[in-house]
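The residues of the chain are indexed from 1 along the displayed sequence. Whatever order the structure lists them in is the order used to number ligands and atoms, beginning at 1. Since the structure is predicted, the reported quantities are computational estimates derived from the model, not experimental observations.
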Amino acid sequence: MKQSTLHQLKVFEAVARHNSFTRAAEELFLTQPTVSMQVKQLTKAVGMPLFDQVGKRLYLTQAGEELVKTCRTIFEHLDQFEMSVADLKGLKQGRLRLAVITTAKYFVPRLLGPFCHRYPGIDISLQVTNHEHILNRMSDNLDDLYVMSQLPEHLDIISRRIIENPLVVIAPANHPLANEKNISLQLMGNEPFIMREPGSGTRKAVQELFEEHKIPLKVQLDLGSNEAIKQAIAGGLGISILSRHTLALEGSSSQLTILDVEKFPIERYWYAAYPSGKQLSIVARTFLDYLMTEGKELAEKNAARTIPGVSQFSLGDSSSQGKDGN
Ligand code: PGA
């Protein structure tokens, strides 16, 4: 193993992450034969196969799995070393890897502008994905920080509450119940319903509420995107339950409206989170501090300005800190 180079480890980690030689080659701007050759040399140095190929699919062997974990630890320590050196020179420099839940795309990207202007040496990669994928990324230790709404019970994490992220019932603006108050939850069972995909945290929260009240939903359609669901509602396919933040920038001429249904809004919050064993890099700590101070203020102001009806609701205190995030 001592003969192996850092380059070989980088190539191997990219193949393992993408489960593909071709996609790793694309990411690293290498040819596929070069990628295969690097993995072959590494396999020889390890003395055991790192991948099994079944048909066209690649599977990591046990040795491969161990090596991926080792690679990620090495890269993380090297990144931290580079950041510490930059910090000694009085600079904040390095890469920040963020993974955020789909609804956080309505506020996190807006906060990045001022942050990047202040710290031009920090590069950011931002992954936007659903609840299940966030949890998988967390277990694989792929990112520095996560923004999510439902905290996992089975993972030991540190979390800090940011702002409210309530779920509301969204319908077309001309829906017959649009002007009704305190609509019975039971009535929602009669409406054609558009649901987020399996693995979505929104879907889980909706299912839990309706199961608790034993109301079956008439699901017409599963869609894997909040924006696609909004279009489907506007197109008259049904109603749905989404984060109120998905209505940011809809404006007063929006084709969508929020129905006033009992038990709504479902109260939820966004949290900044990371696994409790993880040592945050200097850059990640800098971003977390920014997020919990100026970032949070910006997000609150933005929500009050751009989301219909949001100023009527408190945006929630966000001072808590701790493992349970409460
Ligand atoms: P989801 O989560 O994209 O997994 O539905 C959204 C949220 O929790 O705000």
Side-chain angles (χ1 to χ4, degrees), residues 98-111 126-140 142-143 145-155 157 159-170 188 193-212 217 219-233 238-250 256 258 263-274 291 295-296 299-300 302-303 306-310 313-316 318 320 324-326:
L98 294 175
V100 308
I101 197 82
T102 58
T103 49
K105 79 169 182 210
Y106 296 97
F107 88 101
V108 173
R110 283 178 172 257
L111 309 184
L126 176 68
Q127 298 289 329
V128 181
T129 188
N130 75 11
H131 183 73
E132 183 173 284
H133 289 124
I134 291 273
L135 295 188
N136 292 342
R137 293 185 71 87
M138 215 178 224
S139 307
D140 291 344
L142 289 182
D143 311 279
L145 268 182
Y146 300 85
V147 175
M148 62 197 309
S149 326
Q150 268 151 307
L151 295 174
E153 276 152 26
H154 62 287
L155 291 177
I157 60 168
S159 65
R160 296 177 70 181
R161 191 190 277 186
I162 311 172
I163 61 169
E164 244 190 353
N165 177 27
L167 293 178
V168 294
V169 183
I170 302 182
M188 295 299 101
F193 197 87
I194 309 164
M195 189 69 112
R196 282 284 306 277
E197 77 288 359
S200 143
T202 309
R203 178 185 177 108
K204 190 160 166 262
V206 171
Q207 282 178 333
E208 278 170 10
L209 178 75
F210 284 88
E211 270 162 25
E212 186 191 331
L217 283 172
V219 178
Q220 295 286 96
L221 191 64
D222 274 1
L223 280 179
S225 133
N226 298 319
E227 286 300 310
I229 291 185
K230 280 165 53 187
Q231 292 298 327
I233 299 171
I239 63 164
S240 189
I241 293 167
L242 295 175
S243 160
R244 184 161 47 212
H245 291 269
T246 61
L247 297 177
L249 305 181
E250 279 293 320
L256 305 176
I258 298 177
K263 311 282 177 215
F264 280 88
I266 301 179
E267 194 181 283
R268 291 158 103 236
Y269 294 85
W270 277 310
Y271 298 90
Y274 57 95
L291 185 60
K296 205 179 72 177
E300 279 172 353
N302 199 42
T306 59
I307 303 177
V310 86
F313 298 91
S314 91
L315 280 161
S318 14
S320 71
D324 61 4
N326 290 319

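When side chains are defined from C-beta on, Val147 does not count as touching Leu98, because their heavy atoms never get closer than 4.5 Å.
In terms of protein heavy-atom proximity, atom 1 (P) of ligand 1 is nearest to Gly201 N, 3.4 Å. Scanning the protein for heavy atoms near atom 3 (O) of ligand 1, the closest one is Thr102 OG1, 2.4 Å. Thr103 OG1, 2.5 Å is the protein heavy atom nearest to atom 9 (O) of ligand 1. For atom 7 (C) of ligand 1, the closest non-hydrogen atom on the protein side is Ser149 OG, 3.1 Å. Regarding atom 2 (O) of ligand 1, its nearest protein heavy-atom neighbour is Ile101 CG1, 3.1 Å.
Checked by distance only, ligand 1 and Gln150 stay at 3.5 Å or farther apart across all their nitrogen or oxygen atoms. The shortest N or O to N or O distance between Thr129 and ligand 1 is not below 3.5 Å. Taking any N or O of Ser243, backbone or side chain, none lies under 3.5 Å from an N or O belonging to ligand 1.
Donor-acceptor pairing under 3.5 Å is recorded for the side chains of Arg196 and Asn226. Side chains of His133 and Asn130: a donor-acceptor N/O pair is present below 3.5 angstrom, by distance only.
Rounded to the nearest 0.5 Å, atoms CG (Leu209) and NZ (Lys204) are 13.5 Å apart. Note: Leu167 CG to Phe264 CZ = 7.5 Å, rounded to the nearest 0.5 Å. For the atom pair OG1 of Thr246 and CD1 of Ile229, the computed distance is 9.0 Å after rounding to the nearest 0.5 Å.
Paired with Trp270 under the rule side-chain contact (heavy atoms from CB on, under 4.5 Å), one option of Met148, Lys296, Arg161, His245 passes, and it is His245. Screening Val168, Val169, Ile194 against Ile241 for a side-chain contact (heavy atoms from CB on, under 4.5 Å) leaves a single residue, Val169.
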Self-check item: Criterion side chain to side chain contact (heavy atoms under 4.5 Å, CB included) on Leu151 and Tyr271, from CA distance to verdict
Solution: CA-CA 8 Å; Leu151 295 174; Tyr271 298 90; 3.8 Å; yes

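When each atom of ligand 1 is checked for a heavy atom of His131 under 4.0 Å away, the hits are 4 (O). Those atoms of ligand 1 with a heavy atom of Asn130 less than 4.0 angstrom away are 3 (O), 4 (O).
Neither the backbone nor the side chain of Asn226 comes within contact range of ligand 1; no heavy atom lies under 4.0 Å.
Using a 4.0 Å cutoff on heavy atoms, Arg196 counts as a contact of ligand 1. Close to ligand 1: Arg268, with a non-hydrogen atom less than 4.0 angstrom away.
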